[in-house]
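A short worksheet on the structure shown next.
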Number of protein chains: 2
Amino acid sequence: MADTEAPTRAAPLTPDRMESLALALIEEEGIEGFSIRKLADRLGCKAMSLYHHYPSKAHLMDAMLDRVLADLPLPPPDLPWRERLARAARAFHRIALAHPRFFPFFSTHRMNTRAGLIWLDGMLGLFRDAGFDEEQAARLFRAFGYFLMGAGLDETAGYSKGPSATAADAVLDAEVARVFPNVAAAGPFFRPGEREATFELGLALLLDGAEQILEARP
Amino acid sequence: MADTEAPTRAAPLTPDRMESLALALIEEEGIEGFSIRKLADRLGCKAMSLYHHYPSKAHLMDAMLDRVLADLPLPPPDLPWRERLARAARAFHRIALAHPRFFPFFSTHRMNTRAGLIWLDGMLGLFRDAGFDEEQAARLFRAFGYFLMGAGLDETAGYSKGPSATAADAVLDAEVARVFPNVAAAGPFFRPGEREATFELGLALLLDGAEQILEARP
DNA sequence: CCTACTGAACTTACGCCGTAAGGTTGTCAA
DNA sequence: TTGACAACCTTACGGCGTAAGTTCAGTAGG
């Protein structure tokens with residue numbers, strides 16, 4: 001009676017709240033530590049309440065995909081194509097760094113939602129604008145995508161992570177320098193701080209290669 | 001008494017049998033459909049028997065990593081470096097095609113077993129033999145690896161797979177050609193039969209790029 | 001005011017999962 | 001014969017996704 005509006009018991013289960021908390025939870029617990037039950041706890045509701053809003057866990061994951069995709073802008077079309085492509089690549093890479101534990105899921109799922117298709121179409125258009133034909137645009141986009149996927153995954157789920165289940169073998173670690181000299185020599189350049197330089201080298205390789213294709217067929 | 005040898009009740013739980021059946025099961029059920037219980041059924045034993053041979057499921061997975069890694073040969077050192085590198089890349093790519101459902105796990109785990117280190121050291125040596133310095137070898141290996149990871153993953157877990165949880169939206173599908181012309185034009189080159197050509201284009205881009213680095217500093 | 005309906009949230013239950021803890025069996029060396 | 005040991009089995013626990021059914025506040029129509 002006193003309240004003219006509903007008291008909204010604690011906090012309503014809005015898509016924004018559910019998906020943001022889910023993303024945060026994944027970054028805390030990892031993608032396999034993430035569960036509907038834990039998310040519900042975090043939200044202050046019971047597990048099954050979430051099924052009122054999403055038909056399944058997979059649908060919730062898809063909604064998170066779209067939310068993260070929203071942070072992936074297309075670079076302004078008035079820049080030179082090489083700069084546009086470099087910016088798009090770095091934007092994608094930034095997604096990996098911003099959501100390291102969600103990224104492996106993100107990068108290996110089709111972007112067949114509307115937001116995903118907008119980005120995909122824009123990226124293909126970028127290659128077309130640069131002067132590549134339809135086939136070249138398709139294949140180059142893919143090749144760039146492979147590199148971006150791998151780079152992001154490596155930094156979030158690959159060598160950069162701790163040892164695999166077979167716990168760090170001290171004997172093996174000490175042996176590396178002796179038996180695997182090339183691995184030992186490469187070690188300093190595999191450190192996290194070196195990632196950006198490696199990423200930029202690979203990106204430059206691909207950009208140079210694309211530029212050569214363009215020059216070969218004027 | 002009649003038997004001089006042990007009857008071996010049904011079939012012994014050898015590493016080879018366990019790991020081969022595990023890999024086969026993963027290809028049938030996918031990596032998340034794979035469970036210790038199902039593997040035990042397949043092997044004709046009980047779930048917990050497997051824990052006599054591996055301390056945990058993760059250790060079994062690691063053993064499978066090493067088994068698959070055994071199919072990843074280093075190319076003969078007497079070939080030109082570009083050919084060696086191309087062969088190594090194709091060998092890695094073949095792993096993805098041979099174990100499509102295991103590959104996402106394979107490619108995102110550190111190869112810190114002995115077999116993995118041998119391959120890693122050999123690959124880095126390949127770049128060194130080509131004339132790259134330690135830093136270049138490390139970064140180029142990594143950049144190539146990014147591409148190979150992404151290519152394999154895309155073909156085993158990405159766009160090539162069916163729609164994500166949000167089931168194929170017929171309206172959206174029909175709309176694509178109209179609203180996303182670049183996506184529609186690229187469609188034919190995204191088909192499975194086109195993968196190899198796309199892979200080879202990306203590989204050539206990277207090889208060309210590496211070659212240029214080498215020529216710039218003779 | 002009553003009623004019927006609706007949507008949000010909750011409850012219970014099922015069959016999976018990995019695995020901790022402990023028990024049983026068969027083989028072989030001493 | 002005995003005892004150690006490896007190989008394998010049994011039981012049980014807590015967690016998972018989710019199917020099915022229930023509770024309850026708010027509201028529109030009579």
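Proteins come first, then strands; the chains are lettered A, B, ... in the order of their sequence lines, and each starts at number 1.
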Sequence neighbours excluded, which residues qualify as side-chain hydrogen bond (donor to acceptor under 3.5 Å, both in side chains) partners of A:Arg90?
A:Glu200
Whole-Å distance between D:dC8 P and B:Tyr54 OH?
12 Å
Who pairs with B:His52 by side-chain contact (heavy atoms from CB on, under 4.5 Å), at least two apart in sequence or on another chain?
none
Which donor-acceptor pairs under 3.5 Å do the side chains of residues 40-49 of chain B make with protein atoms, sequence neighbours left out?
from, atom 1, to, atom 2, distance (Å)
B:Arg42, NH1, B:Glu28, OE2, 3.2
B:Arg42, NH2, B:Glu28, OE1, 3.1
B:Ser49, OG, B:Lys46, O, 3.3

Atom-pair distance (CG on B:Leu50; C1' on C:dA20), nearest Å
16 Å
Respond yes when some side-chain nitrogen or oxygen of A:Ser49 is under 4.0 Å from OP1 or OP2 of C:dC10, and no when none is.
yes
Consider only side-chain N and O atoms of B:His93 and B:Glu155, and report whether a donor and an acceptor are under 3.5 Å apart.
yes
B:Glu29 has an atom CD; how far is it from atom P of C:dC16, in whole Å?
12 Å
The criterion is side-chain hydrogen bond (donor to acceptor under 3.5 Å, both in side chains); which residues satisfy it with A:Glu194, sequence neighbours excluded?
B:Arg139
Just how far, in rounded Å, is P of C:dC17 from CG of B:Leu60?
14 Å
Atom-pair distance (CE on A:Met48; C1' on D:dG21), nearest Å
11 Å
Is the NZ or CZ atom of A:Arg142 both under 6.0 Å from the centre of the six-membered ring of B:Phe190 and within 45° of that ring's axis?
yes
Decide, yes or no, whether a salt bridge links B:Asp129 with B:Arg84 under the criterion of side-chain N to carboxylate O below 4.0 Å.
yes
List every contact pair, protein side and nucleotides 13-17 of chain D side both N or O, where the distance is under 3.5 Å.
from, atom 1, to, atom 2, distance (Å)
D:dC16, OP1, A:Ser35, OG, 2.9
D:dC16, N4, A:Arg37, NH2, 3.3
D:dG17, OP1, A:Ile36, N, 3.3
D:dG17, OP1, A:Lys57, NZ, 2.8
D:dG17, OP2, A:Ile36, N, 3.1
D:dG17, N7, A:Arg37, NH2, 2.7
D:dG17, O6, A:Arg37, NH2, 2.6

Identify each atom pair where a protein N or O and an N or O of nucleotides 3-6 of chain D are less than 3.5 Å apart, giving names and distance.
none

Are any of the side-chain nitrogens in B:Glu19 or B:Arg67 under 4.0 Å away from the carboxylate oxygens of its partner?
yes
